Amino acid sequence: MSYPLPFFSSPLDASLFVVVFWSAVGGLSLFFSRVRLFPLRWMFLPGALGGALLAFSGYRGLDFGLESRTLPLGLPDLPFHVREDGLSAFFLLLLGAVSFGVSVFSAGYFKGQDRFSLGRLLLEFHLFQASMTCVLLAGDAYFFLLAWESMALTSYFLVVTDHGDESVRRAGFLYLLLAHIGTLALFLAFGILAGGSHVSGFDQYTFDRMRSGHLSTFAQACAFFLAFLGFGAKAGILPLHVWLPDAHPAAPSPVSALMSGVMLKTAIYGMVRVWFDLIGLHGIAWEWGAAVLLVGMITSLFGVLYALMQHDLKRLLAYHSIENIGIIVIGLGLSLVFFGTGHPVPGVLGLVAALYHTLNHAIFKGLLFLGAGSILHATGERDLNRMGGLMRVMPQTAVLFLTGALAISAIPPLNGFVSEWLTFQTALSVSTLDIGVLRSLIALSAAVLALAGALTAMCFVKVFGIGFLGVRRTAPDKPTHEATLPERMGMLWLGIGCLVLGVLPVAVLNRLGDVSLALTGQGLPAESKASGWLWLVPESARKASYSPFIFFVVVLGSIALTFLAIRLLFNSRIRRAPSWNCGYPVRNPRMQDTADAFSQPIRHFFAPVYLMKRQLPSPEDEKPHFHVTIGDRHWNALYLPVLKIVGFLSALAGKLQTGRISVYLLYSFLTLLFLLFLVKAS
Amino acid sequence: MSPHASNLGIEMVNLLGAFLLLLAFAMLAARRTLSLIRFFAMQGFFLSASIFIVAFLSGETNLYYSALFTFALKVILLPYILKELTLRLDIQRDIETLVNVPVTMILGIGIVVFSFSLAAPISEAASTVTRSLIGVGLACVLLSFLAMITRKKAMTQIIGFLAMENGLLFSATNATYGMPMVVELGIALDVLIGSIIFGIFFFQIRETFESLDLKFFEKLKEE
């Protein structure tokens with residue numbers, strides 16, 4: 001293919017152009033924020049165009065093959081290398097698609113925002129997107145880590161957009177701290193990988209060199225787990241997840257959508273890149289995969305259990321991000337286990353399922369965060385306990401939110417189901433293994449997946465039922481209204497994505513099979529490719545197959561039939577009546593279930609998991625108020641002891657600071673003498 | 001060997017080096033700010049003289065400029081600034097020391113011995129006519145450092161700092177016929193600017209703490 005895109009000679013060119021374009025849009029926005037009466041928020045639309053171009057270039061890049069280049073930038077003798085292969089292209093597609101929807105949404109969301117802070121936000125927003133693109137394009141560890149850090153910093157500034165608030169600053173700091181700990185681990189991981197190359201030279205740090213290097217098994221294991229730690233801190237793997245539930249609610253909603261939808265995925269990209277590509281499957285032992293699988297299972301279960309307890313909508317979504325990252329990691333872990341034990345067919349399936357779920361999660365979590373943003377914008381409310389009846393004031397937002405909620409709950413025919421089903425199918429290939437531990441572990445992972453899926457569904461019944469149905473429990477502070485047009489357009493784009501990815505999965509699956517083929521040398525089995533667009537066949541038709549399109553048609557058909565039957569045959573009147581009017585003489589909105597009440601059975605059942613503080617009203621209380629806060633056990637068990645140790649060591653180091661200049665001079669004098677002595681001795 | 005190298009010239013430089021070292025000890029022992037400044041000016045004078053002689057001995061024309069420059073800066077300008085500062089701040093009284101003078105002297109002797117033993121291998125490697133004096137320069141640097149440590153008043157810190165630069169220049173001249181002119185000018189400028197900034201700070205510090213005693217700085221540390 002010589003000209004895959006108009007104007008650009010290759011997908012890589014287009015992607016690099018988007019990086020420059022986004023940076024320019026950011027810079028111009030900052031400039032325009034000084035111009036009075038400039039309609040600043042519409043600057044998001046050119047940014048959205050960049051996203052569309054990136055998505056398109058990523059799409060073309062999927063089958064374009066490997067393309068790499070050395071940029072005339074960077075330090076002398078340390079130039080930046082960029083490369084785009086199928087895996088990068090896939091993530092670029094994801095980034096572009098989500099960023100398009102989020103940017104369009106933002107044009108409506110930031111209405112009424114103060115001009116100066118919006119200018120800053122626009123700059124950071126676009127630089128953030130550009131850095132994520134650079135992370136995906138990087139062809140050497142130096143450029144990768146540079147882009148990675150720039151991504152962390154820009155997103156930190158985005159998180160602390162409302163820095164007047166103490167809790168926001170605290171959340172931002174926690175995020176920055178964990179991001180840096182993660183980067184430290186990545187430095188070490190890349191350092192180990194670069195050490196494998198026999199020829200020493202300045203290009204040792206390129207990915208190509210790392211791939212061809214030879215390392216001992218121990219060094220490989222170190223690189224593997226350091227990468228897991230480093231990328232895990234960004235992705236929200238247990239126990240490094242603590243920043244996530246704080247940072248997402250603190251950030252403005254479109255930023256949360258972008259962070260949860262895309263930034264967490266760059267960490268998944270990093271894991272796949274380092275594990276499957278740089279270390280390579282020949283060096284991976286199945287025990288490592290089993291460890292990854294176990295961590296993924298715990299993360300996923302933890303995420304959903306805590307999500308159920310939340311009544312802050314954005315915090316709830318943040319915990320669901322943890323859960324979904326857990327599911328993706330389960331997929332990766334399964335893949336590693338199967339590859340490690342010499343079963344490439346389920347191995348490829350696991351990888352493909354994980355990548356598919358990555359894309360799906362980006363789309364539906366983006367949609368849900370945008371929906372939460374619209375609600376926050378329209379009602380000024382984030383607390384589910386105070387919401388209700390939103391469907392009547394914002395019907396279109398409600399339908400779009402419902403799409404996202406169904407997708408995340410893995411309800412067919414939407415996209416969440418496809419990837420979770422594929423992960424499930426991978427786990428069901430367990431019968432090919434003959435190691436006892438693995439057989440039970442993988443069976444357990446399938447059970448965890450099912451449990452997480454069910455609990456997610458319950459959680460979103462809670463969100464939708466309490467937030468959108470019923471009536472509002474408290475009088476609104478301000479009149480609520482439907483979301484603005486750009487907001488709805490942005491959500492519509494992602495909603496359509498949920499449907500298309502759910503109904504037409506075969507095309508996606510085949511593309512992902514090609515990505516896997518280029519990455520691991522193994523593709524999907526022939527029978528799966530030959531199945532045609534209608535039937536999704538992961539391995540062979542005898543084992544399992546699924547046709548979402550037929551399912552979709554049947555669901556649509558039966559809904560239409562029921563609707564017509566009711567309208568035509570039964571009773572054609574539409575009756576508007578008060579909610580919860582069940583014949584009681586006294587009724588008020590407080591009689592509804594609250595979010596906390598809804599999740600009470602789970603809280604009761606899984607009580608040991610939570611750190612609960614309850615405030616129960618006395619029976620005589622006229623205006624009873626029930627209050628429960630759920631704390632994370634990791635704080636007490638892991639973070640506080642670490643904090644204490646760090647505090648102790650810092651206090652020791654602080655003793656050096658006496659405040660007397662003579663003593664400071666003495667330090668340098670003695671150091672000087674000591675060094676001179678060393679010089680003399682040597 | 002350069003054309004003018006003669007034993008007399010080398011002996012002269014040796015003598016000047018000895019004066020330099022002596023003055024460094026004198027500064028360690030000095031009890032009044034004004035005498036400290038006088039010692040500093042004398043040190044500058046001997047330094048520029050020694051550079052002048054080395055220039056003559058080696059035939060390096062650069063060093064003549066260097067000598068001239070040193071003279072202008074360290075014998076005239078800086079002492080003048082320091083003296084003005086002292087008079088205006090009214091701090092010509094006794095300088096308190098942290099460690100008493102005899103102990104400081106003994107420490108100083110130890111440092112000189114250490115410097116000479118340290119400089120011995122460097123002297124062998126150097127090719128200049130005055131290479132045996134590198135140890136003296138090093139000793140001057142370290143002694144000035146010691147002077148900075150053992151005094152309590154902020155004024156002595158800056159004089160010690162400037163004297164350190166003297167020792168550095170002396171070492172450089174004798175080890176390699178001076179640093180490149182650019183570097184030397186850069187350092188000289190730094191020292192000049194540094195002393196001006198110090199001067200401004202002194203006024204500010206005195207306004208804040210009503211004293212130039214360094215012990216008040218201890219309040220500045222984080223609790």
Side-chain angles (χ1 to χ4, degrees), chain A residues 75-77 153 156 160 163-181 184 639-682, chain B residues 95-99 104 107-108 110-125 134-135 137-139 141-158 160-161 164 167-168 171 198 201-202 205 209 212-223:
Chain A
L75 291 174
D77 285 328
L153 285 180
Y156 163 74
V160 296
H163 50 77
D165 191 345
E166 163 79 40
S167 68
V168 169
R169 289 200 300 274
R170 197 173 162 273
F173 178 74
L174 187 63
Y175 167 51
L176 198 63
L177 185 70
L178 278 165
H180 277 108
I181 292 174
L184 209 63
Y639 285 85
L640 290 184
V642 170
L643 200 68
K644 263 186 202 155
I645 293 170
V646 170
F648 176 71
L649 291 177
S650 311
L652 277 188
K655 293 222 166 98
L656 282 176
Q657 190 199 17
T658 54
R660 313 183 78 161
I661 290 185
S662 304
V663 176
Y664 297 160
L665 284 171
L666 192 65
Y667 290 151
S668 22
F669 186 63
L670 291 179
T671 314
L672 183 67
L673 283 188
F674 178 69
L675 290 177
L676 285 173
F677 180 75
L678 279 189
V679 170
K680 185 174 145 51
S682 64
Chain B
I95 306 162
E96 299 163 61
T97 52
L98 284 171
V99 186
T104 319
L107 282 178
I111 283 173
V112 172
V113 172
F114 177 72
S115 315
F116 271 88
S117 73
L118 190 71
I122 308 174
S123 302
E124 279 168 28
I134 298 171
L138 202 57
V141 172
L142 293 179
L143 285 176
S144 312
F145 208 151
L146 195 63
M148 281 174 85
I149 295 175
T150 51
R151 302 307 167 91
K152 268 188 180 172
K153 289 283 194 287
M155 193 67 190
T156 39
Q157 311 271 313
I158 180 168
F161 175 68
M164 258 173 91
L168 199 67
S171 304
F198 264 117
F201 266 135
F202 287 162
I205 290 167
F209 296 114
L212 280 174
D213 198 321
L214 291 177
K215 75 178 179 212
F216 290 102
F217 285 22
E218 287 175 31
K219 284 185 197 160
L220 296 176
K221 91 169 182 172
E222 192 186 356
E223 287 308 322

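Since we're looking at a predicted model, the values are computed, not measured.
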Whether over 12 other heavy atoms sit under 6.0 Å from A/Tyr667 OH: yes
Please classify the contact between B/Ser115 and chain A as side chain, backbone, both or neither, with a heavy-atom cut-off of under 4.5 Å. neither
Any side-chain heavy-atom pair from A/Leu673 and B/Phe145 closer than 4.5 angstrom? no
Can you measure from CD1 (B/Ile149) to CG (A/Leu665) and round to the nearest 0.5 angstrom? 6.0 Å
Within 6.0 Å of CZ in A/Phe173, more than 12 heavy atoms from elsewhere: no
Heavy-atom proximity to chain A below 4.5 Å, by part of B/Leu142: both
Count the heavy atoms of every other residue, nucleotide or ligand shown that sit under 6.0 Å from CZ of A/Phe669, and state whether that count exceeds 12. yes
In terms of heavy-atom proximity below 4.5 Å to chain B, should A/Leu672 be classed as side chain, backbone, both, or neither? side chain
